K.L.:
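Starting off with a structure, shown below.
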Amino acid sequence: MAQTVFIEAINQAIIEEMRRDENVFIMGEDIRRSVYGATANLLSEFGEKRVLDTPLSENGFFGAAIGASLVGMRPIVETLTSFMWVGMDQLISQAAKMRYMFGGQATLPVVYRASMFYGGGSAAHHSDRSYPMFMNMPGIKVIVPSNPADMKGLLKSAVRDNDPCIVFEDGTLAGMRGEVPENEDLPGDELIVPFGQAEMVREGTDCTIVGVAGGVNIAASVSDQLAQEGISVEVIDPRTLVPFDKKTILNSVEKTGRLVITDPAHKVCSAASEIASIVAEEGFWSLQAPIQKVASEQVHIPYTPALEPHVYPDVEKVTAAVKRTLES
Amino acid sequence: MAQTVFIEAINQAIIEEMRRDENVFIMGEDIRRSVYGATANLLSEFGEKRVLDTPLSENGFFGAAIGASLVGMRPIVETLTSFMWVGMDQLISQAAKMRYMFGGQATLPVVYRASMFYGGGSAAHHSDRSYPMFMNMPGIKVIVPSNPADMKGLLKSAVRDNDPCIVFEDGTLAGMRGEVPENEDLPGDELIVPFGQAEMVREGTDCTIVGVAGGVNIAASVSDQLAQEGISVEVIDPRTLVPFDKKTILNSVEKTGRLVITDPAHKVCSAASEIASIVAEEGFWSLQAPIQKVASEQVHIPYTPALEPHVYPDVEKVTAAVKRTLES
Amino acid sequence: MDIDRDLLLLMLRRMWMIRNFELKVMEVHSAGEFAGGAHPYIGEEAVAVGACAALEDTDYIAGNHRSHGHPIAKGGRVDKAMAELYGRVDGYCKGKGGSMHLADYSIGILGESGILGSSVPVAVGAALAASIKGEKFVSLAFFGDGASNQGALHESMNLASVWNLPIIFICENNQYAVTTSYADTVAVEHVSDRASAYNMPGILVDGQDAIAMYEATASAVGRARAGDGPSLIEGLTYRFEEHSLGLGRVRRGEYRTQEEIDNWRKRDPLDILEHNIISQGVATREECDAINAKTVEEVEKATEFARNSPFPEPSDLFDDMWADPIAFP
Amino acid sequence: MDIDRDLLLLMLRRMWMIRNFELKVMEVHSAGEFAGGAHPYIGEEAVAVGACAALEDTDYIAGNHRSHGHPIAKGGRVDKAMAELYGRVDGYCKGKGGSMHLADYSIGILGESGILGSSVPVAVGAALAASIKGEKFVSLAFFGDGASNQGALHESMNLASVWNLPIIFICENNQYAVTTSYADTVAVEHVSDRASAYNMPGILVDGQDAIAMYEATASAVGRARAGDGPSLIEGLTYRFEEHSLGLGRVRRGEYRTQEEIDNWRKRDPLDILEHNIISQGVATREECDAINAKTVEEVEKATEFARNSPFPEPSDLFDDMWADPIAFP
Ligand SMILES: Cc1ncc(C[n+]2csc(CCOP(=O)(O)OP(=O)(O)O)c2C)c(N)n1
Ligand SMILES: Cc1ncc(C[n+]2csc(CCOP(=O)(O)OP(=O)(O)O)c2C)c(N)n1
Ligand SMILES: [Mg+2]
Ligand SMILES: [Mg+2]
């Protein structure tokens with residue numbers, strides 16, 4: 001298996017899908033010169049018609065992607081979570097709602113790739129982790145890969161999916177290396193990761209940690225460290241938040257009796273809140289201790305490195321949460 | 001005490017605040033002729049400078065309100081939740097973030113009055129109940145009045161508050177009559193409802209229901225009906241979701257051991273999810289049964305009256321949830 | 001331009017269809033037969049009908065809240081439209097969309113949007129697909145004078161221009177957004193004057209004259225198909241009725257004078273088209289009246305169809321949410 | 001126009017301040033003294049300085065990601081600006097904003113926005129306040145050629161025009177948005193051509209000439225204060241450096257030729273202003289050099305100030321979220 005960087009995994013997925021289906025095209029700001037790194041080599045292979053540099057008009061080109069998808073194309077749109085506010089109307093009023101509103105007539109196979117820059121001094125305007133908002137609004141599939149292989153396999157699934165998808169690309173993972181299987185080693189000669197299937201990242205018996213996006217690595221580290229202290233922590237990566245595999249989580253909590261959730265989103269109405277509420281409703285009798293949410297503090301992302309790290313979940317906070325739940 | 005219609009309570013609050021402070025002004029679409037009913041008689045009393053009909057440019061005038069607030073005005077903006085997507089960038093990137101991002105230099109006393117039309121055949125494009133998204137993003141106070149008196153008192157507080165506020169005006173309450181105290185009967189001669197103080201709507205001992213906005217009336221009806229069966233249900237109205245009075249709820253659950261939440265928002269990452277997650281973390285040892293969320297189904301709002309009512313929480317669903325929690 | 005006889009009569013038929021559909025809608029709405037709001041297109045029929053007469057079934061349109069005229073003008077079915085207003089399973093959207101969200105994907109009607117300006121980028125996208133695929137279809141976006149102030153319009157016109165897309169922007173300038181005069185909200189005299197800011201032709205057309213609308217649109221469509229890019233057409237028109245059914249607060253005459261309304265009613269687009277048709281000897285008064293009568297009949301049948309169509313079952317609630325279904329939470 | 005000697009020298013001082021500030025920022029950034037990105041304003045100094053020279057302290061400005069030039073041009077302090085880039089408590093925003101979010105509310109700098117186009121409606125709002133209160137202050141919005149395609153610009157210019165607000169829109173057309181040429185994204189030849197779509201004056205100015213920028217802005221400010229409404233000014237300029245520090249992927253010359261860069265560098269705004277000043281006998285070469293040297297010194301001091309300023313304490317994290325504080329969840 002090849003060691004592949006997260007951002008390269010994105011590039012591989014795009015290239016494979018554009019080769020496979022000529023209706024796939026990509027648009028975004030400065031993608032021809034691959035300013036953000038994921039769109040390298042596309043222009044030379046696929047040409048200007050299928051690799052579109054857009055004006056700064058997120059609402060306009062988010063919508064143009066929707067329109068193109070309605071008439072048979074499969075657009076991939078590159079953007080940042082923080083620029084999605086500008087194009088929110090197209091995402092919510094059109095992408096999420098059209099199919100239902102038109103009684104199933106509209107099919108919108110459009111993929112938004114939204115980078116989440118956070119943790120690197122990008123400050124409040126460039127550090128959004130907005131997937132909980134898209135969980136609240138039905139109609140968009142919410143994809144949160146936590147490693148290069150899933151990134152590749154989930155993005156390929158998104159391109160083939162017939163519903164609008166937002167793939168939240170966690171910027172803290174951009175340089176992460178991981179094993180991505182070679183196509184020839186795979187059944188069907190390609191890497192597809194299906195939606196709605198959580199992955200068991202670590203098995204354990206004392207406590208379950210559900211990690212979201214970059215939170216998965218934190219959870220895995222906590223599990224590894226606590227193993228040294230004889231504490232056995234199970235780690236689950238939901239991989240997609242819509243659809244959501246609650247069964248794997250409920251089963252795990254049934255086994256461990258304890259649940260910690262680590263989510264880089266702001267903690268109020270976060271994915272962590274939702275998962276906690278599901279378990280408090282459907283897994284209540286399994287719980288032997290209070291659920292612990294470890295999510296970002298309810299402040300904006302400060303620029304200064306002296307403050308920024310204190311906003312997010314980290315190994316220390318998650319370890320403390322696991323210990324709290326074990327002690328109570 | 002006068003019986004006042006919800007929409008008239010809004011009008012009273014606006015008139016009183018505009019009389020009190022000449023920096024208060026109001027802007028929105030077709031407000032001079034009070035198309036949505038809450039802005040009657042403003043133009044004649046306050047004139048064109050302070051009662052502004054805007055072009056259809058939500059992002060533009062949401063932002064203009066922010067700018068005006070930064071330099072000493074106190075704008076009230078009338079809109080609908082469903083039009084807020086168009087102006088989301090100004091709400092999130094500017095209103096919510098400016099103060100923190102500028103290290104406290106910016107003060108933005110701006111109020112958005114966002115009607116939530118739902119339940120009356122307005123279909124997917126006009127029926128949003130989007131407050132959970134604004135709970136997720138710090139920086140905006142989230143106000144959810146459930147009756148005419150609170151509507152008036154909370155809106156007046158919002159106008160005086162120095163942070164951006166969104167007052168979510170539940171359209172199912174537009175015609176609701178309720179007692180609104182006369183100013184001369186009040187201490188300070190006016191009705192002010194402070195933020196962050198939940199109201200105990202019914203006292204009870206067997207189960208707690210937290211209702212959000214229109215959900216409060218449902219909860220109260222359930223409490224009244226179940227009282228006939230000898231079941232004692234406490235009903236709590238948080239009145240504001242940001243800030244949020246968790247203490248009153250945790251105290252109530254300590255007493256009753258059971259929690260049902262009824263919230264007209266879509267159920268995933270809803271206010272109900274958040275409240276459930278708080279209690280599952282901080283009130284866990286009080287709970288004697290699984291928490292029950294009763295929120296809107298995860299579909300868009302269908303137009304037809306044959307389907308629309310099935311989306312929302314209602315007395316039947318909430319009653320069933322209370323019984324489920326009592327039986328388990 | 002020399003217009004085909006059949007096309008003229010098709011336009012007349014569609015305009016009567018819209019007029020009679022809307023009259024029926026007003027009647028049954030005030031009788032309480034359905035509850036949601038609706039925005040009558042009466043007085044503006046020539047705009048949509050003239051524009052859509054220049055299109056093929058394989059071309060696309062997208063529209064707005066004033067939503068019955070566009071699909072009928074594009075050849076949509078009144079029975080499915082009416083059933084949709086009644087919230088029935090046989091409606092265009094199985095009752096899920098209602099008045100503001102008619103769509104017929106079988107003939108390129110991408111759907112009406114209740115959020116103003118919001119369907120315009122979508123229409124741009126259909127044109128983008130034509131450009132990428134190298135196909136000849138075009139796309140047409142309807143929006144009001146009020147909506148022309150939305151940022152979405154600016155972005156859409158700019159995108160269409162820099163990408164040279166086959167799209168026609170049709171501004172239905174009926175001079176008001178609800179109660180607000182366009183003179184108070186549009187900084188320029190004519191919306192079509194804004195075309196120069198996007199380096200595209202901007203054409204101001206008498207929106208009461210279906211033939212003029214057809215000719216302007218046909219020429220823009222010709223440009224678009226030839227690869228010469230987008231156009232902006234403004235049809236100057238007037239809404240004869242109030243903004244919407246069920247918005248009782250706005251009384252007639254409160255924001256516009258009776259005189260203004262009366263003057264515009266004298267320029268009824270149906271009178272104008274019939275006058276042209278008859279004076280050019282394309283058809284007689286009797287033939288025109290027969291067309292009108294035929295559409296009255298069709299609308300009547302459509303209303304019966306709607307009334308007899310069942311409501312959806314509660315279990316239908318979850319259908320149509322996803323193309324590739326997922327478990328509902 | 002006859003420009004005051006003091007004003008000319010003030011402009012020169014501010015331009016050197018920006019230039020030397022940016023050079024220092026590039027130096028310390030590449031030495032790793034702070035981590036966040038930064039967008040150098042080198043080459044474009046005349047635009048902001050000329051424009052702001054036409055303002056009073058009681059007037060307002062709002063800007064964008066290319067954010068060091070605007071506040072310095074408006075009279076902001078380099079020590080607090082530099083400390084902000086270093087993420088220190090003595091920074092303008094106590095380290096919470098960083099390079100892209102400088103602001104100084106004491107002198108009308110409403111703040112720089114990292115979301116493009118997004119500060120423009122805010123600037124419109126300040127002008128709206130002037131109009132409602134009947135006061136004489138004006139507001140000025142800076143945005144790039146790239147950002148001119150945002151819907152926010154359309155809505156803002158239209159609002160300002162229909163409400164006749166005292167605002168000046170300043171497009172800094174440096175001809176690229178990151179790697180994308182404005183010719184590929186702006187459908188019209190000059191951004192200022194779009195003014196006609198909003199019924200306001202649109203003025204194309206040589207953005208390398210501070211005096212020209214000052215004169216155009218002063219006359220627009222005069223109009224605005226007199227109640228004659230908004231203006232759009234486009235300063236045609238050029239970014240001498242790459243888009244941003246810390247965006248390593250874009251190599252010089254990949255999207256623009258070395259020749260183009262060299263040609264523009266020959267039109268350095270500092271050379272042009274000094275040439276004017278010296279040739280008009282306003283000051284000597286030596287006096288100009290002394291001004292430059294003085295700003296080098298101030299920037300040096302500012303850098304020391306920044307380096308010596310402490311980082312915020314972790315407990316400061318929750319400060320400044322709310323004006324009327326609430327319990328944190
Ligand atoms: C984004 C948005 N803002 C506001 C509204 C409310 N609204 C519905 S119709 C209308 C007036 C529209 O005017 P115009 O675009 O001229 O179309 P017309 O109704 O005149 O056909 C308004 C303000 C809306 N539906 N969407
Ligand atoms: C809404 C939004 N979209 C995209 C970006 C990313 N971005 C930052 S700077 C930039 C280019 C801006 O070009 P222009 O407006 O011409 O300003 P310049 O950098 O040339 O000064 C882009 C695309 C952003 N910050 N905000
Ligand atoms: Mg109109
Ligand atoms: Mg530029």
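A quick note: this is a predicted structure, and the numbers were derived from the prediction, not measured. Residue numbers begin at 1 in each chain, while the letters A, B, ... track the order of the sequences.
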K.L.:
With respect to chain B, which residue among A:Lys97, A:Glu58, A:His300 yields the maximal number of heavy-atom pairs within a distance under 4.5 Å?
P.N.:
A:His300
K.L.:
In terms of heavy-atom pairs under 4.5 Å with chain A, which of B:Gly87, B:Ser93, B:Ser82 leads?
P.N.:
B:Ser93
K.L.:
If you tally heavy-atom pairs under 4.5 Å against chain A, which of B:Ile301, B:Ile278, B:Ile275, B:Leu287 wins?
P.N.:
B:Leu287
K.L.:
Just so I understand: if I count every heavy-atom pair under 4.5 Å between each of A:Ile261, A:Asn136, A:Asn59 and chain B, which residue has the most?
P.N.:
A:Asn136
K.L.:
Can you name the nearest heavy-atom pair linking B:Thr262 to B:Gly215, along with the distance?
P.N.:
CG2-O, 3.5 Å
K.L.:
How are the rings of B:Phe168 and B:Phe134 set relative to one another: parallel (under 30°), tilted (30 to 60°) or perpendicular (over 60°)?
P.N.:
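Judged by the thresholds at 30° and 60°, the geometry between B:Phe168 and B:Phe134 is tilted.
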K.L.:
Of the listed residues (B:Ala280, B:Ser270, B:Ala295, B:Ala265), which shares the most heavy-atom pairs with chain A below a 4.5 Å separation?
P.N.:
B:Ala280
K.L.:
Among A:Gly283, A:Ser328, A:Ala271, which residue has the highest count of heavy-atom pairs closer than 4.5 Å to chain B?
P.N.:
A:Ser328
K.L.:
Which one wins on heavy-atom pair count under 4.5 Å against chain B: A:Ile92, A:Thr325, A:Leu91?
P.N.:
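Of the candidates given, the most pairs with chain B belong to A:Ile92.
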K.L.:
Which of the residues A:Ser273, A:Ala276, A:Pro302 is involved in the greatest number of heavy-atom pairs with chain B at under 4.5 angstrom?
P.N.:
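Greatest number of close heavy-atom pairs with chain B: A:Ser273.
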K.L.:
Side chain, backbone, both or neither: which part of B:Asp128 has an atom under 4.5 Å from a heavy atom of chain A?
P.N.:
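Interface part for B:Asp128: side chain.
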K.L.:
Among the options B:Pro132, B:Ser296, B:Gly103, pick out the one with the most heavy-atom pairs lying under 4.5 Å from chain A.
P.N.:
B:Pro132
K.L.:
When you look at A:His266 and A:Glu297, which way does the side chain to side chain contact (heavy atoms under 4.5 Å, CB included) test go after all the steps?
P.N.:
CA-CA 6 Å; A:His266 285 303; A:Glu297 296 298 343; over 6 Å; no
K.L.:
For A:Pro309 versus A:Pro305, what's the shortest heavy-atom pair and its separation?
P.N.:
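It is CD-O, 3.1 Å.
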K.L.:
Start with the C-alpha gap between B:Thr107 and B:Arg99, add the side-chain angles, then the distance that decides, and say whether side-chain hydrogen bond (donor to acceptor under 3.5 Å, both in side chains) holds.
P.N.:
CA-CA 6 Å; B:Thr107 297; B:Arg99 179 178 186 83; 2.9 Å; yes
K.L.:
At a heavy-atom separation under 4.5 Å, does A:Ala96 approach chain B through its side chain, its backbone, both, or neither?
P.N.:
both
K.L.:
Which one, A:Ser130, A:Ser277, A:Pro290, leads in non-hydrogen pairs under 4.5 Å with chain B?
P.N.:
A:Pro290
K.L.:
So, do B:His126 and B:Phe83 have ring centers that fall under 6.0 Å from each other?
P.N.:
yes
K.L.:
NZ of A:Lys247: more than 12 outside heavy atoms within 6.0 angstrom?
P.N.:
no
K.L.:
Are A:Tyr131 and A:Asp263 linked by a side-chain donor-acceptor pair shorter than 3.5 Å?
P.N.:
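On atom types as modelled, these side chains qualify, holding a pair under 3.5 Å.
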K.L.:
Please flag which part of A:Ala123 lies under 4.5 Å from any non-hydrogen atom of chain B: side chain, backbone, both or neither.
P.N.:
neither
K.L.:
Test your reading of the model: is there a side-chain donor-acceptor pair from B:Thr240 to the backbone of B:Pro243, 3.5 Å cut-off?
P.N.:
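Flag set: sc B:Thr240 to bb B:Pro243 pair under 3.5 Å.
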K.L.:
Is it true that the side chains of B:Asp245 and B:Thr248 contain a donor and an acceptor less than 3.5 Å apart?
P.N.:
yes
K.L.:
Heavy-atom distance under 4.5 Å to chain B: side chain of A:Met101, backbone, both or neither?
P.N.:
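Answer is side chain: those atoms of A:Met101 sit under 4.5 Å from chain B.
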K.L.:
Among B:Met88, B:Gln292, B:Met137, B:Met133, which residue has the highest count of heavy-atom pairs closer than 4.5 Å to chain A?
P.N.:
B:Met133
